[in-house]
Amino acid sequence: MSEEREPPPLPGAAQTVFPEPQDAEDLFVSAASAMESPEAACLSAEDISPSSNGPRDDDPDDLFAEATEEVSLDSPERQPILSDGPSPAITPVTPVMISPRVDVFDRSPDQDEDEEENRDTFDIQISVSDPEKVGDGMNAYMVYKVTTKTSLSIFSRDEVCVKRRFSDFLGLYSKLASKYMHMGYIVPPAPEKSIVGMTKVKVGKEDLSSVEFVEKRRSALERYLLRTVKHPALLKDPDVLQFLESSELPRAVSTQALSGAGILRMVNKAADAVNKMTIKMNESDAWFEEKQQQFENLDVQLRKLHASVESLVCHRKELSVNTASFAKSAAMLGNSEDHTALSRALSQLAEVEEKIDQLHQDQSYADFYLISELLGDYVRLITAVKGVFDQRMKAWAKWQDAQVMLQRKREAEAKLQYANKPDKLQQATDEIREWEGKVQQGERDFEQISKNIRREVGRFEKDRVKDFRVVIIKYLESLVHTQQQLIKYWEAFLPEAKAIA
Amino acid sequence: MQEGLDDGPDFLSEEDRGPRAVNVDLQTDATLQVDISDALSERDKVKFTVHTKSTLPNFKQNEFSVVRQHEEFIWLHDSFVENEEYAGYIIPPAPPRPDFDASREKLQKLGEGEGSMTKEEFTKMKQELEAEYLAIFKKTVAMHEVFLCRVAAHPVLRKDLNFHVFLEYNQDLSVRGKNKKEKLEDFFKNVVKSADGVLVAGVKDVDDFFEHEKTFLLEYHNRVKEASAKSDRKIRSHKNAADDINRIASTLYTLGTQDSTDLCKYDNDFPFSRKIEARVAADEDLKLADLLKYYLRESQAAKDLLYRRGRALVDYENANKALDKARAKNKDVLQAETTQQVCCQKFEKISESAKQELIDFKTRRVAAFRKNLVELAELELKHAKGNLQLLQSCLGVLKGDT
């Protein structure tokens with residue numbers, strides 16, 4: 001008998017009250033946002049970090065005031081971060097991660113210059129929340145509320161709220177990538193499109209999987225924004241500022257797969273792939289070679305890990321379902337047993353198993369939101385890193401090509417000198433000068449990108465270690481909690497079992 | 001006293017496999033002690049060495065061993081079932097066929113995939129699969145042993161001639177497995193029997209005790225069946241999750257060795273914590289699932305006893321009616337009388353022993369459940385505590401590391 005896993009009953013406080021104009025799909029909105037809280041509730045019940053709608057701030061007048069009741073870990077832990085300065089070093093999948101423990105890893109003694117200058121001023125907090133469905137049928141889309149709270153001067157206000165849709169995020173990413181990637185900056189990639197997921201949402205299916213999909217996406221978007229602003233150069237970028245602040249954003253149609261820009265992108269990607277195969281770079285710098293190899297290995301391992309974790313999440317969910325059904329059958333067995341003590345013991349067993357099933361379920365949420373999503377993010381990030389290395393190769397190739405051209409121009413000039421054509425000679429000299437400039441520029445660019453990459457990779461590594469460590473600690477703590485609960489349950493059961501006479 | 005399996009961790013390691021009576025609580029009796037001292041697994045056969053220690057006069061020696069195969073156990077069981085004399089007793093259920101197919105398949109697949117993984121991974125996986133194979137092997141030996149011990153402990157069955165032949169005759173019993181024709185016959189017999197069973201069950205019993213037992217057993221049997229199936233499924237998914245965790249651990253380990261950061265310290269502890277999950281699944285399997293499976297078979301055997309008694313009752317009543325008819329017609333009275341007397345005796349004999357058997361069944365059942373539930377809880381606690389300790393030390397290392 002397959003049992004439908006219904007979401008746990010909704011807690012009293014549901015954040016459905018907004019001053020903003022509601023859409024026609026009121027039902028979906030309230031269902032969606034209320035659906036998110038059960039995950040929060042059942043997790044917070046177990047003291048595991050609730051994966052609620054992003055970090056909630058403790059503004060008293062806030063619409064989220066009600067929500068802070070359920071999300072038990074709020075205000076006290078929020079303060080340390082705001083004062084602690086740079087790179088929260090956490091991807092706030094769960095608010096609890098932003099906890100006083102962050103203090104432990106904050107200051108590593110030797111920091112880069114640019115980090116130093118940001119230390120006192122980096123103070124920004126972004127949350128993505130309240131997905132709403134706008135429109136109907138196949139043209140429907142989800143709109144997310146992006147809230148930025150900051151004391152940085154580059155922002156016009158302390159707190160900004162805007163509404164953005166998924167393609168806006170993609171648009172932001174493509175703009176940033178085109179501006180910065182060729183300089184060697186690692187631009188965090190945006191979450192991936194998902195046709196299946198989106199279609200389900202568009203069609204209006206209100207089942208658990210589409211709710212989960214929306215939640216997954218919301219959380220991914222939040223992490224994306226946080227990573228983006230963590231990058232000191234990107235934070236100052238006007239596009240980012242516009243994205244976070246302006247209420248109206250031009251629709252980023254170029255992110256659609258079948259648009260002109262989309263096709264151009266695909267062609268470019270193919271061309272890049274071909275180029276990569278043909279460019280044979282003389283690597284003079286061992287550091288780059290070593291790093292590239294390292295990232296290759298990391299990529300492979302992370303992908304494997306990601307696959308295993310996803311399989312674990314799936315199996316644990318299965319385990320939880322099976323445990324629940326076993327609990328029921330044990331209870332029935334206890335009922336039919338006519339020896340009273342044994343019967344009682346069997347019922348107790350059934351109860352224990354039921355509680356364990358809940359534990360398993362919560363554990364699987366933790367598995368998923370903590371580990372699996374992080375791994376997915378890093379797999380994509382490493383692709384971005386590899387992309388940056390490729391850019392360096394392209395820069396080198398450009399420089400080399402410029403040198404080759406220069407050489408050819410010089411030869412052409414020499415030939416013209418022999419042939420003694422003064423007018424063409426002038427042109428040739430001009431061209432030579434032009435190409436000399438290009439060669440110099442190419443060399444400069446190459447040096448610059450190499451320098452940038454070194455810095456970026458250093459920052460990336462540091463962030464990676466921090467991220468992973470924090471997440472792993474969180475995860476271990478959730479495991480510890482599970483084991484403690486298990487111990488509690490079995491200890492309660494043992495005397496019952498012993499009491500069977 | 002034949003002790004159950006106490007040590008969780010040793011379960012997966014090579015150790016002297018002492019006799020295990022996991023699911024029954026039997027009294028020792030110096031007059032006849034049976035155990036399986038050794039077992040060999042050949043291609044698709046398992047050969048058990050049955051070792052007997054006895055002070056009974058009818059055996060030629062005091063201590064001796066023979067080699068038996070699964071089919072011979074089945075033959076012994078069937079001979080009990082077919083023997084009318086034992087109609088009033090719960091026949092200990094036959095041990096299930098040794099089934100190594102799944103494990104063998106996995107080992108084969110591993111062998112084929114040898115090229116695609118590192119030497120470390122390969123040896124580790126091989127060890128795990130071998131441990132699994134060993135575990136299944138131990139289990140099947142235990143089940144066969146339990147069957148023999150039950151027979152040896154039963155006051156009447158232990159005197160059975162076939163049983164003695166089984167224990168002593170040191171040549172091949174030339175018992176062959178049933179061929180197709182016989183299997184078909186069995187099938188039809190079963191169909192007839194179950195139809196009859198329904199008929200017989202419909203007859204209300206005068207004796208309250210038996211009536212109660214009948215309803216109880218029917219319900220109990222069904223529920224045990226369901227619980228057994230569900231627990232199997234649960235343990236299977238638990239094992240799947242444990243497998244995943246092992247894979248994660250090995251990937252982390254590789255990551256740790258390649259990665260130059262200090263995350264690798266953490267990576268080394270993780271694998272051990274994860275082995276515990278696999279053991280938890282294995283222990284649950286042992287204590288809970290096996291218990292339920294065994295009682296599934298036992299309750300079926302008890303049901304069979306009740307059926308036989310019910311059958312005898314029906315026969316007795318029919319004979320009574322026939323006698324009355326004969327007396328009325330005054331024809332074949334003597335014959336009817338003898339039939340009636342025979343039926344009466346049979347019925348009463350069955351009833352008498354059945355009552356005691358069913359009471360014993362209940363006592364055994366309660367004791368076995370108690371033992372196993374207690375051990376299950378203790379093992380779960382032990383593992384959870386061990387796990388907790390490991391995790392906390394891991395956390396300590398990570399947190400202390402800045």
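Every value quoted in this text rests on a predicted model; they were computed, and no experiment measured them. Each chain gets a letter, A, B and so on, in the order its sequence line appears, and its residues count up from 1.
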[X] side, atom [atom1]; [Y] side, atom [atom2] - distance, nearest 0.5 Å:
| X | Y | atom1 | atom2 | answer |
| --- | --- | --- | --- | --- |
| B/His238 | A/Asn322 | NE2 | CG | 11.5 Å |
| B/Lys234 | A/Phe326 | NZ | CZ | 6.0 Å |
| B/Leu395 | A/Lys474 | CG | NZ | 9.0 Å |
| A/Ile487 | B/Glu380 | CD1 | CD | 11.0 Å |
| A/His339 | B/Arg365 | NE2 | CZ | 9.0 Å |

- Does the pair B/Glu226 and A/Lys328 meet the rule for a side chain to side chain contact (heavy atoms under 4.5 Å, CB included), with working shown? CA-CA 10 Å; B/Glu226 203 180 298; A/Lys328 285 204 176 73; over 6 Å; no
- Please flag which part of B/Phe216 lies under 4.5 Å from any non-hydrogen atom of chain A: side chain, backbone, both or neither. side chain
- Query: For B/Ile235, is it the side chain, the backbone, both or neither that has a heavy atom under 4.5 Å from a heavy atom of chain A?
  - Reply: neither
Heavy-atom pair of closest approach, residues [X] and [Y]:
| X | Y | value |
| --- | --- | --- |
| B/Leu391 | A/Gln483 | CD1-CG, 4.0 Å |
| B/Ala227 | A/Ser329 | CA-OG, 3.3 Å |
| B/Ser237 | A/His315 | CB-O, 4.4 Å |
| B/Glu378 | A/Leu494 | CG-CD1, 3.9 Å |

- Item | A/Lys291 NZ: over 12 foreign heavy atoms closer than 6.0 Å | yes
- Task: Take B/Leu373 and A/Phe493 through the side chain to side chain contact (heavy atoms under 4.5 Å, CB included) test and state the conclusion after the steps.
- Result: CA-CA 9 Å; B/Leu373 286 178; A/Phe493 174 71; 4.3 Å; yes
- Basic-acidic side-chain contact under 4.0 Å: A/Glu337, B/Arg223: no
- So, are B/Lys385 and A/Glu491 salt-bridged, with charged N and O less than 4.0 Å apart? yes
- Task: Take A/Leu486 and B/Asn387, measure what side chain to side chain contact (heavy atoms under 4.5 Å, CB included) needs, and give me the verdict at the end.
- Result: CA-CA 11 Å; A/Leu486 272 178; B/Asn387 215 351; over 6 Å; no
- Tell me, with the steps shown, if B/Phe369 and A/Leu349 meet side chain to side chain contact (heavy atoms under 4.5 Å, CB included). CA-CA 12 Å; B/Phe369 267 80; A/Leu349 181 67; over 6 Å; no
